[in-house]
Amino acid sequence: MTGVGETVTDPYLWLEEVTGERALDWARAHNEVVMDRFASSDRFTDLQARILAMLDTDTRIAYPGRRGRWLYNFWRDAEHPKGLWRRTSFAEYTRDDPDWEVLIDLDALAEAEDENWVWGGAAVLRPEQSRALISLSRGGADAKVIREFDVDAKVFLDPADGGFHLPEAKSEIRWIDIDTVYVGTDFGPGSLTDSGYPRIAKRWRRGTPLTDAETVYEGAATDIAVSAGYDRTPGYERHFIGRATDFFNEEVYLLEAGGALRLLELPTDASESWYKDWLLVQLKSPWEAGGVLHPSGALLAIDFERFLSGARDFEVLFAPDAHTALHGYGWTENHLLLITLQDVQTKLQVLTPGPGGWTREPLADAPPMATTSVMNLDPLEGGDEFMLSTSGFTSPTTLMSSSVGGRTEVLKREPEFFDAEGVVTEQFFATSADGTQVPYFVIRHRDHLGTPGPAVMSGYGGFEVSRTPAYSGASGMGWLERGGAWVMTNIRGGGEYGPDWHTSVQKANRYKVYEDFSAIARDLVARGITTHAQLGAVGGSNGGLLMGVMLTRYPELFGAIVCQVPLLDMKRYHLLLAGASWVAEYGDPDKPEEWEYIAKYSPYQNTDPDGAYPPILLTTSTRDDRVHPGHARKMAALLESQGHPVWYHENMEGGHGGAADNKQSAFQAALIYEFFTRNLVERDV
C-alpha cells in the first residue's frame, strides 16, 4: 500500500493511453483469452442469442416521452440496431400495433455519414415541436455532437444556413426560442472546468458564429459545471443559471432583465424546482428557515414571489421517518404527485394546493416487492393525465394511463422472458458493523429454500442512487433459470432512506459502504442461502470500486467477482477524465489527510501478492470518457503480474454504459452469467 506522502512509480501508467497502440494490443490480447475461455461454448452462444432476441423483439414496451400531443420514442430492434427516433399520437399509441412516424433512422444516418453514431437524446422546442437539438455520440461516449433537426422536413439544418451545430464535446444546450439557445461547450482554452464540463454559459443567436455568442455567466475552473436555461411556462417565464461548485452543491440564480443575477437563497445542496407560483425545495441536510428547523429529506413549498420578497414560511409537503424517504415528485396541471420509498417499496400520493392549504390522498396502490414509477407528466399541455409503470423482479413491466381522480387503464404489458414459475422474492436485513440495519432482496426458486446454493449479489452504494426492484430478463435467463439466487443490496451511499443514507458515508466514512456489503455477504451465508465459495458479486462504475474493495479487503467472502467500468486507482482518479467531479464523494487524494483514509481501501494500492483472491472478471470500454479505462486495465495487469486469477475484457465501443447496441449488451450479459456459472456452479476454472 502506498503510504501518505510516498511517491511510487506506476509500472502500468502506459495503460492509461486510451488509444495507444501498445495499450490496445494489450487489451485485444486479453479479449482473445476471454473469448476463448468463456464465449466459445454452445451454452454461451445460446444465452447470448436469447438475450439478444429479448432486446430486439417487437413485443417489448416502446416507452414514450410525452411532449404535448406527441409521444416520442427511441427504438432499437434487429432491423434497426442503432435505432429509430419516432413519434405517434396518444390515441395511436393505445393500439396493439401503433403507426409510428419515423423522424430519424440512425442506422441509415450512420451509414451515410460513415460514423458510428450512438443516440444521445433530443431536445424538442415547445410548444411548436418543429425543431429539435439532436445529440449523437461516437461509440457511446459522453462527449456528443449536437445538431439542429427540422422535425417537419425530417432533415438536419446546415450550419452554413444558420442551423445550430456543436462539435464533439461535453456540451449543454437549451432552447430559449426558435432562434436563440443557451450553450455551454468547449469554447477553447480555459472554457472548461477541471472536470471537463462547461465553465461558461452563453446566449447564442441563430445566424451568428459561436465565437460571437454573448457570455451570461462564468464559473471557476474548480467548479464542476455551469449551465443556463429558460422556463417557457406562459406567464411565468424565467431565465436561470446553475453553478455546480461540486457534485452535490449548486448555486442557482435567476437571470433578470439587463443581465443582473439574483441568487436563490437556499441551501446549495438542496434540490429546487418551480412550477407557476410554487417553489419546491427538497433538502439534503437540515435547514432552519422562518424559525423552523426542517430535517434533511423534507420537501418544502412556498409561493415563489413571496419567497423572493423574503418570506420563509414554508409548508412541509413531506417529512421523512426512519423507514420512509422521498423518491421523486412531479406536477400535473393542478396536482403534485409524490413517490416515496418505505423500506425500499414504493408508495404514491397526490397533493393538491388550495386556498386553505395543501390536501393529500393516496394516488394508487403499488404492489409489494415492486417499483411503481410516475411518468409522462406534462402540466402545461397534458392536464392532469400521467402514466404509471410497475415492475418487479419476476413481474415484467405494466404500463398504465391515468389521471388524477380518473380511471387507471392498462396500456401495455411486457412479455415474460424467463420461466418465473416458483421463483419468490424475499426481503431481509443484515446488521452492519456499526449496528445499522441494511436491507436486501433475494430472488430464488422456492425449491431451493433451506438449501445453500449459488448466489450473486449486486451493489452500488454511492451518489444517493437508489436501487429498487425491477424486472431483468437477462438475469432470469442467465442465472435464475440455472438455479442461482440473485441478490439486490440497498447499502448506504444510495438514497433508499433519504439523503442521510448517502451523506453519512461520504469521504472519511466511505468504509461503512464496504462494511454494509460484506455484512450482507455474511448474512446470506448465516441464513443458509449460500456459502462463501458459491457467492459471487457484481457492480459497475462506483459499484466497480465496491467490487475492487471486496476483492482486496474481503476476498474470503466470495467465490467470484465481476467488476465493470470501475474506479480502482483512487490515487489518480481525480486526474482522469471526469474524476475531478467526484472529489466531494470520495475526497481529494492530493490532500494528505484525505489520502490517508482513501489509501486504506483504494484497490489498486491494496493488492496483496500473497493473498488468496477469488477469480475476477474486469470489463471496461475504450470509449468510456467518464471513468477512464485505465482503471480496469492497470488493475488487471497488476493482478496478473501477482499471479491472481484475473480475466479482462474491453469493449472497443460503448462508452460508460459498456455497450453501444443490443448485440454488445447481450454479449456483456451472457459473459457475466457464463463467468459466474463456471466459477460458482461448476467451479472448474
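We count residues from 1, following the sequence as given. Just so it is clear, the structure is predicted and the values come from calculations on it, not from any experiment.
Separation of the Trp204 and Phe164 ring centroids falls under the 6.0 Å cut-off. A distance below 6.0 Å separates the ring centres of Tyr72 and Trp85. Checked against a 6.0 Å centroid threshold, the rings of Phe463 and Phe247 count as neighbours. With ring centers used as reference points, His80 lies 6.0 Å or more from Phe74. Annotation: Phe240 is in aromatic contact with Trp274 [ring centroid separation under 6.0 Å].
A donor-acceptor contact under 3.5 angstrom links the side chains of Trp75 and Asp77, judged on distance only. In summary, the side chains of Thr468 and Ser466 do not present any donor paired with an acceptor at a separation below 3.5 Å, with no hydrogens or angles considered. Residues Ser665 and Asn662 bring no donor and acceptor atom of their side chains to less than 3.5 Å of each other. Side chains of Arg138 and Asn116: no donor on one and acceptor on the other come within 3.5 Å. His628 and Tyr573 form no side-chain donor-acceptor contact under 3.5 Å, judged by distance and modelled atom types alone. Side chains of Ser621 and His656: no donor on one and acceptor on the other come within 3.5 Å. For the residue pair Ser227 and Tyr197, no side-chain donor N or O sits within less than 3.5 Å of a side-chain acceptor on the partner.
The 12-atom threshold is not exceeded at CD of Glu111, counting heavy atoms of other residues, nucleotides or ligands nearer than 6.0 Å. Within 6.0 Å of the CD atom in Glu237, the count of heavy atoms belonging to other residues, nucleotides or ligands exceeds 12.
Between Leu380 and Tyr275, some side-chain heavy-atom pair lies under the 4.5 Å cut-off.
For Asp179 and Arg206, the salt-bridge test passes: some basic side-chain N is under 4.0 Å from an acidic carboxylate O. Salt-bridge annotation for Glu92 and Arg95: present, with a side-chain N of the basic residue lying under 4.0 Å from a carboxylate O of the acidic one. Salt bridge annotation for Glu381-Arg67: absent, with no cationic side-chain nitrogen under 4.0 angstrom from a carboxylate oxygen. Salt bridge absent: Glu414 and Arg60 never bring a charged side-chain N and a carboxylate O closer than 4.0 Å.
Figure legend: Arg147 and Phe156 shown as a cation-pi pair, the cationic atom lying under 6.0 angstrom from the six-membered ring centre and within 45 degrees of its axis. Geometrically, Arg76 does not engage Trp119 in a cation-pi contact, judged by NZ or CZ lying under 6.0 Å from the ring centre and within 45° of the ring axis.
Taking both residues in full, the closest heavy atoms of Ser130 and Asp152 are given as CB-OD2, 3.6 Å, listed atom of the first, atom of the second, then distance. Nearest heavy atoms, Ser402 versus Thr408: OG-OG1, 2.9 Å. Closest of all the heavy-atom pairs between Ala244 and Asp223 is O-CB, 3.4 Å. Of all non-hydrogen atoms in Met54 and Ala474, the two that sit nearest each other are CE-N, 3.9 Å. The nearest pair of heavy atoms linking Val226 to Ala201 is CG1-CB, 3.9 Å. Across Pro198 and Glu172, no two heavy atoms sit closer than the pair CG-N, 4.2 Å.
Although no hydrogens or angles enter the test, the distance criterion places no donor-acceptor pair under 3.5 Å between the side chain of Ser137 and the main chain of Lys144. Between the side chain of Thr185 and the backbone N or O of Phe187, no donor-acceptor pair lies under 3.5 Å. A donor-acceptor pair under 3.5 Å is formed between the side chain of Lys412 and the backbone N or O of Tyr93. Proximity of a side-chain donor or acceptor of Lys170 to a complementary backbone N or O of Asp625 within less than 3.5 Å is detected. Asp624 places no side-chain N or O within donor-acceptor distance of the main-chain N or O of Gly658, the cut-off being under 3.5 Å. Although no hydrogens or angles enter the test, the distance criterion places a donor-acceptor pair under 3.5 Å between the side chain of Thr193 and the main chain of Ile224.
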Q) Should Lys663 and Glu653 be marked as a salt bridge (Lys or Arg N to Asp or Glu O under 4.0 Å) after you check the CA-CA gap, both sets of side-chain angles, and the distance that decides it? A) CA-CA 12 Å; Lys663 186 175 181 180; Glu653 300 171 349; over 6 Å; no
Q.
As a quick check of understanding, evaluate side chain to side chain donor-acceptor pair (under 3.5 Å) for Glu650 and Asn31, giving each step before the final call.
A. CA-CA 7 Å; Glu650 180 171 327; Asn31 283 357; over 6 Å; no
When the side chains of residues 383-390 are checked against the rest of the protein, which donor-acceptor pairs come out under 3.5 Å, sequence neighbours left out?
unit_1	atom_1	unit_2	atom_2	d
Asp384	OD1	Thr332	OG1	2.8
Asp384	OD1	Glu333	N	3.2
Asp384	OD1	Asn334	N	2.9
Asp384	OD2	Asn334	ND2	3.1
Glu385	OE1	Arg66	NH1	2.9
Glu385	OE1	Arg66	NH2	3.4
Thr390	OG1	Thr372	OG1	3.0

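Within the structure, salt bridge (charged side-chain N to carboxylate O under 4.0 Å, His left out) pairs that include any residue of residues 183-204 comprise Arg199-Glu218, Arg203-Glu214 (at least two apart or interchain).
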